[in-house]
Amino acid sequence: MQATHSSSTQASVGTYGKVYLIGAGPGAADLITVRGAKLLAQADVVLHDALVTEDMLALCPQALKIAVGKRCGKLSTAQQFINKQLVDNARKYALVVRLKGGDPMLFGRADEELRALEKHGIEVEVVPGISAALAAAATSRQPLTKRGVARSVAFFTSSTAPGESDQVNIPNCDTLVQYMGGREAAATAQRLLAQGRTASTPVVVVENCSRDNQRILRLRLDELESGLQQCEGPVLVMIGEALASRAQQPIEIDQQPQDSQNAA
């Protein structure tokens, strides 16, 4: 379906509009995809996460904006209410945007929202965004994979659903990326050390990724065991040998064949 739309239009009586789950990216407004920005500029209503910035919302001045954020340790919007808001707004408007931080399909509760929309036969499309892990790797200039060192990456979070055990199994991968890892940093480090990871394993912590108040911390795994009390914004923790400082590593340079005259 082509995204052609005039603002302030309403869905026909007895029908639904279309809902777009759009990834806002890590924070900076210019890191949203071109398609995502175009749809924001056409939206009638935007239901947005708490971490979506004012600069990002400035891309949709014509739209009704509804905050439906969920933040750990703070007053949050219940998921069931968000689902209902999506359905109710699809009854009223032709183009509804659910704007999510990062990518909708990674730790974004997209499954619950998709099921709610599909149950009512509402047309829905997902527009991907830059996930925080990739943005953090880029801003810290630390690749998550490295030839001969790391060929596997796992994304995980300690956030659990009500009634689930908080003893989250840590994946067995070369590089680990923990989303929303600020509060759980010490516990994560303790578990990894207990599993046999070396104390000197490199750790890169990115707080407020891509925003004006971004901060990058470079630690060892045994230092992470002390926690990240100094971090207040959203935190992403990257762990593994691929995160080692390049300043301490030799640079491979291809040896060029000698000039044929010199070789003679």
Side-chain angles (χ1 to χ4, degrees), residues 25-28 31 51 70-74 101-103 105-108 130-161 164-253:
L31 286 180
L51 295 178
K70 303 179 76 65
R71 291 293 306 276
C72 182
K74 298 184 179 181
D103 181 272
M105 307 302 267
L106 189 61
F107 304 130
I130 297 174
S131 186
L134 304 183
T139 195
S140 63
R141 291 182 292 179
Q142 291 287 167
L144 300 178
T145 58
K146 184 180 297 183
R147 185 162 58 94
V149 176
R151 58 186 298 175
S152 60
V153 181
F155 303 151
F156 73 105
T157 175
S158 296
S159 178
T160 58
E164 285 187 343
S165 170
D166 60 358
Q167 296 297 313
V168 178
N169 291 325
I170 297 179
N172 182 20
C173 272
D174 297 325
T175 304
L176 296 172
V177 181
Q178 185 172 23
Y179 280 67
M180 299 163 278
R183 288 188 170 192
E184 302 297 327
T188 296
Q190 290 165 6
R191 290 182 189 178
L192 289 173
L193 290 168
Q195 290 174 7
R197 294 258 182 168
T198 62
S200 61
T201 301
V203 176
V204 175
V205 177
V206 181
E207 179 185 17
N208 295 313
C209 184
S210 82
R211 300 166 186 251
D212 292 339
N213 58 344
Q214 172 183 282
R215 184 164 58 142
I216 300 173
L217 305 175
R218 299 179 186 274
L219 311 169
R220 292 163 38 118
L221 188 58
D222 56 355
E223 294 173 323
L224 185 67
E225 193 177 10
S226 299
L228 295 171
Q229 294 84 358
Q230 70 272 42
C231 294
E232 297 180 356
V235 168
L236 189 132
V237 181
M238 304 184 290
I239 303 167
E241 295 300 332
L243 284 302
S245 170
R246 282 187 298 280
Q248 302 172 0
Q249 301 173 44
I251 300 175
E252 295 184 12
I253 300 177

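Predicted model only: the values in this text are computed from it and were never measured.
- Under the 4.5 Å side-chain criterion, counting only non-hydrogen atoms from C-beta, L176 is in contact with L192.
- Between T188 and I239, some side-chain heavy-atom pair lies under the 4.5 Å cut-off.
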Take V206 and M238 through the test side-chain contact (heavy atoms from CB on, under 4.5 Å) and record every step on the way to the result. CA-CA 8 Å; V206 181; M238 304 184 290; 4.2 Å; yes
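- E225 pairs by the side-chain contact (heavy atoms from CB on, under 4.5 Å) definition with A189, Q190, L193, not counting sequence neighbours.
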Could you tabulate the donor-acceptor pairs under 3.5 Å formed by side-chain atoms of residues 148-156, not counting sequence neighbours?
unit_1	atom_1	unit_2	atom_2	d
S152	OG	D174	N	3.0
S152	OG	D174	OD2	3.2

Derivation and outcome, side-chain contact (heavy atoms from CB on, under 4.5 Å), residues T175 and T145: CA-CA 7 Å; T175 304; T145 58; 5.8 Å; no
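- Residue pairs that meet the salt bridge (Lys or Arg N to Asp or Glu O under 4.0 Å) test with at least one member in residues 192-209, sequence neighbours left out, are E207-R215.
- Nearest heavy atoms, P234 versus L51: CG-CD2, 4.0 Å.
- Evaluation of the side-chain contact (heavy atoms from CB on, under 4.5 Å) rule for A135 yields P26, I130, C209 as partners, not counting sequence neighbours.
- Residue C231 holds its SG atom at 13.0 Å from CZ of R183, rounded to the nearest 0.5 Å.
- L243 CG to L221 CG: the interatomic distance, rounded to the nearest 0.5 Å, is 11.5 Å.
- Residues satisfying the side chain to side chain donor-acceptor pair (under 3.5 Å) test with S131, not counting sequence neighbours, are Y179.
- Residue S140 comes nearest to A137 through the heavy atom pair OG-O, 3.4 Å, listed as atom of the first residue, atom of the second, then distance.
- Taking T139 as the reference, Q214 meet the side chain to side chain donor-acceptor pair (under 3.5 Å) condition, with sequence neighbours excluded.
- Under the rule for a side-chain contact (heavy atoms from CB on, under 4.5 Å), the partners of N213 that lie at least two apart in sequence or sit in another chain are N208, R211.
- The nearest pair of heavy atoms linking L236 to A133 is CD1-N, 3.6 Å.
- Partners of T198 under the side-chain contact (heavy atoms from CB on, under 4.5 Å) rule, at least two apart in sequence or in another chain, are S200, T201, E241.
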Determine whether L228 and L219 satisfy the following criterion, side-chain contact (heavy atoms from CB on, under 4.5 Å), listing intermediate values before the conclusion. CA-CA 11 Å; L228 295 171; L219 311 169; 4.0 Å; yes
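- Between R246 and P143, the closest heavy-atom pair is NH1-CD, 3.8 Å.
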